[in-house]
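See structure below.
In what follows, chains are A, B, ... by sequence order, proteins preceding strands, each numbered from 1.
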Number of protein chains: 2
Amino acid sequence: MILKSQVEWALHCCAILSSLPEGRFLSTKALAELHGLPKEYLSKALQSLSHAGLVHTTLGPSGGYRLARPPEQLTFLDVVEAVEGEGPTFVCQNIRANNPCRPQGYCESTPCAIARTMWQADEAWRTALRKVTFAELAKTLEQEVSPQIWAGTFEWVLKRAG
Amino acid sequence: MILKSQVEWALHCCAILSSLPEGRFLSTKALAELHGLPKEYLSKALQSLSHAGLVHTTLGPSGGYRLARPPEQLTFLDVVEAVEGEGPTFVCQNIRANNPCRPQGYCESTPCAIARTMWQADEAWRTALRKVTFAELAKTLEQEVSPQIWAGTFEWVLKRAG
DNA sequence: ATATTACGGATATTGGATATCCCTATTTGG
DNA sequence: CCAAATAGGGATATCCAATATCCGTAATAT
């Protein structure tokens, strides 16, 4: 079980969009160049973000993407679920129903205990992702990334932002 | 990102093996019939458990599988990792290295902050799975499963256990 | 001895992830 | 008003892991 690479792409794109000045937009082309990704395919990931309402878009030259909310209100979970979907990572096929020892047409009152445990772990994963916002990420990045690269990237982005 | 169905199969098989009397073995054939699963393919999942040292096996008629440890010491995480592997669910491709603004050959001191967050969530997931043992599962099942089916299944299993 | 079992290798088959291409509607900038 | 650039979406191709089956081998119980 490995997350799609689009998840990583979307997270990095949102990190960049978090530092974008209010009201400006950054295009797929710029985001693809900045991360060295295939533009057309990255576009699908960004469309997922758009469809989930996490970003706003505009058309035309100087068009592109910006966050739909302040970074304080955008969590890792939002982005992960936008790309991967909101469904549980464990799908219960209810194979207990195949038990030859049970009466025909017998129906369970509760979901399988095994599935419940897997879903609890799934929820723990989501809770951890829900706790981290892109505001916090920006703070961390500002501390960790070399000031030179940080400033250079910011300038690079601003030059291309519509 | 969805877990393999083999994970579900392996968990249910371990649940059955947990209730198996000391020293007895249950075959792939019996486990496949009990859960309505393809015998040959289920065999691969059981081999994963064997390879991870979670179960012991014997050959010949009346051969099969038994747990290698008491259910108190076998966790969901053990089984999930035996089947899914121990690698992280998020793979960092380090796409920040593609940033055109960085100097040639620049090398990061720390892993990407985005990857670290994803790995922390991954660890939260594993921690939740590590907390639940098959002894606890057996307790839950004994409370929830209809006594008639529970007893019938136990008898069914004993009749086939070598 | 025979039947049964775990095990491992080989080999399809399937479906999702990855990736590209092209057309359309829209909007900016000249 | 016009040309260029953009998001969006559909169609398609490719790749790989998950799923599934088959068979040969060694070991073992009866």
Side-chain angles (χ1 to χ4, degrees), chain A residues 1-10 13 17 23-33 35-66 68 80 82-85 87 89-91 93 95 160-162, chain B residues 1-10 13 17 23-33 35-66 68 80 82-85 87 89-91 93 95 160-162:
Chain A
M1 183 191 66
I2 291 183
L3 290 165
K4 308 193 224 190
S5 52
Q6 283 203 350
V7 170
E8 183 180 12
W9 303 358
C13 287
L17 294 180
R24 307 192 59 178
F25 292 83
L26 198 58
S27 69
T28 306
K29 183 159 173 279
L31 287 167
E33 282 177 16
H35 297 110
L37 301 174
K39 173 172 159 294
E40 302 285 351
Y41 192 34
L42 172 63
S43 167
K44 304 296 183 185
L46 296 173
Q47 282 173 39
S48 296
L49 297 180
S50 173
H51 195 261
L54 305 184
V55 295
H56 285 158
T57 67
T58 53
L59 290 178
S62 83
Y65 297 85
R66 68 171 173 85
V80 169
V83 175
E84 279 284 341
T89 60
F90 179 84
V91 175
Q93 308 280 38
I95 59 175
R160 285 158 182 82
Chain B
M1 182 192 66
I2 291 182
L3 289 165
K4 306 193 226 188
S5 53
Q6 284 203 351
V7 170
E8 183 181 11
W9 302 358
C13 287
L17 294 180
R24 305 190 63 178
F25 292 84
L26 198 59
S27 71
T28 306
K29 183 160 175 279
L31 286 166
E33 281 178 17
H35 297 109
L37 301 174
K39 174 172 158 295
E40 302 285 352
Y41 193 33
L42 172 64
S43 167
K44 304 295 183 185
L46 297 173
Q47 282 174 40
S48 296
L49 298 180
S50 173
H51 195 260
L54 305 184
V55 296
H56 285 160
T57 67
T58 53
L59 290 178
S62 82
Y65 298 85
R66 68 172 173 86
V80 170
V83 175
E84 279 285 340
T89 60
F90 179 85
V91 175
Q93 308 281 33
I95 60 176
R160 284 159 182 83

Task: Approximate separation, where rounding is to 0.5 Å, of B/Leu26 CG and B/Leu31 CG - done: 4.5 Å
Open item on the list: Looking at every heavy atom in both A/Glu84 and A/Val7, which two are closest together, and how far apart are they?
Closed with: CG-CG2, 3.4 Å
Open item on the list: What is the distance, to the nearest angstrom, from the CD1 atom on A/Ile95 to the C1' atom on D/dT19?
Closed with: 15 Å
TODO: Ignoring backbone atoms, establish whether A/Thr28 has a side-chain N or O less than 4.0 Å from OP1 or OP2 of D/dT6.
DONE: no
- [ ] Go through the structure and list residues passing side-chain hydrogen bond (donor to acceptor under 3.5 Å, both in side chains) with B/Ser5, not counting sequence neighbours.
- [x] none
Open item on the list: Any base atoms under 4.0 Å from A/Tyr65, or only sugar-phosphate, or nothing? Heavy atoms, all strands.
Closed with: sugar-phosphate
TODO: With rounding to the nearest 0.5 Å, note down the distance linking OG in A/Ser27 to CZ in A/Arg160.
DONE: 9.0 Å
TODO: Report the distance from atom CG of B/Leu31 to atom P of C/dT4, rounded to the nearest whole Å.
DONE: 18 Å
Open item on the list: Let me confirm one number: the CE-NZ distance from B/Met1 to A/Lys4, rounded to the nearest 0.5 Å.
Closed with: 11.0 Å
Open item on the list: For DNA chain D, which residues of residues 47-55 of chain B approach it to below 4.0 angstrom with any heavy atom?
Closed with: none
Task: Contact state string [nucleotides 17-26 of chain C, B base, S sugar-phosphate only, - no protein heavy atom under 4.0 Å] - done: SBBBBB---B
Task: Rounded distance in Å - CZ (B/Phe25) to P (C/dA6) - done: 11 Å
TODO: Ignoring backbone atoms, establish whether A/Thr57 has a side-chain N or O less than 4.0 Å from OP1 or OP2 of D/dG8.
DONE: yes
TODO: Report which part of the nucleic acid A/Ser43 touches: base, sugar-phosphate, or nothing (heavy-atom distance under 4.0 Å, all strands).
DONE: nothing
Tabulated below should be each protein N or O lying under 3.5 Å from an N or O of nucleotides 1-3 of chain D; please produce it.
none

Open item on the list: Looking at B/Val83, is its backbone amide N or carbonyl O close enough to the side chain of B/Gln6 to form a donor-acceptor pair, meaning the two atoms are under 3.5 Å apart?
Closed with: no
Task: Euclidean distance, atom NZ of residue A/Lys29 to atom C1' of D/dA5 [Å, nearest integer] - done: 9 Å
Task: Donor-acceptor contact present, side-chain B/Arg24 to main-chain B/Ala161, <3.5 Å - done: yes
Side-chain donor/acceptor pairs under 3.5 Å, residues 41-49 of chain A, sequence neighbours excluded:
from	atom 1	to	atom 2	distance (Å)
A/Ser43	OG	A/Gln47	NE2	3.0
A/Ser48	OG	A/Lys44	O	3.2

Contacts table for residues 54-65 of chain A: side-chain donor-acceptor under 3.5 angstrom, sequence neighbours left out:
from	atom 1	to	atom 2	distance (Å)
A/His56	ND1	A/Arg66	NH2	3.3

Open item on the list: Please classify the nucleic acid contact of A/Gly162 as base, sugar-phosphate, or nothing, using heavy-atom distances under 4.0 Å.
Closed with: nothing
Task: Sequence-distant partners of B/Glu40, side chain to side chain contact (heavy atoms under 4.5 Å, CB included), two or more places apart - done: none
Task: Between P of C/dT5 and CG of B/Leu26, the distance in whole Å - done: 11 Å
TODO: Applying salt bridge (Lys or Arg N to Asp or Glu O under 4.0 Å), name anything that partners A/Glu33, two or more places apart in sequence or on another chain.
DONE: A/Lys29
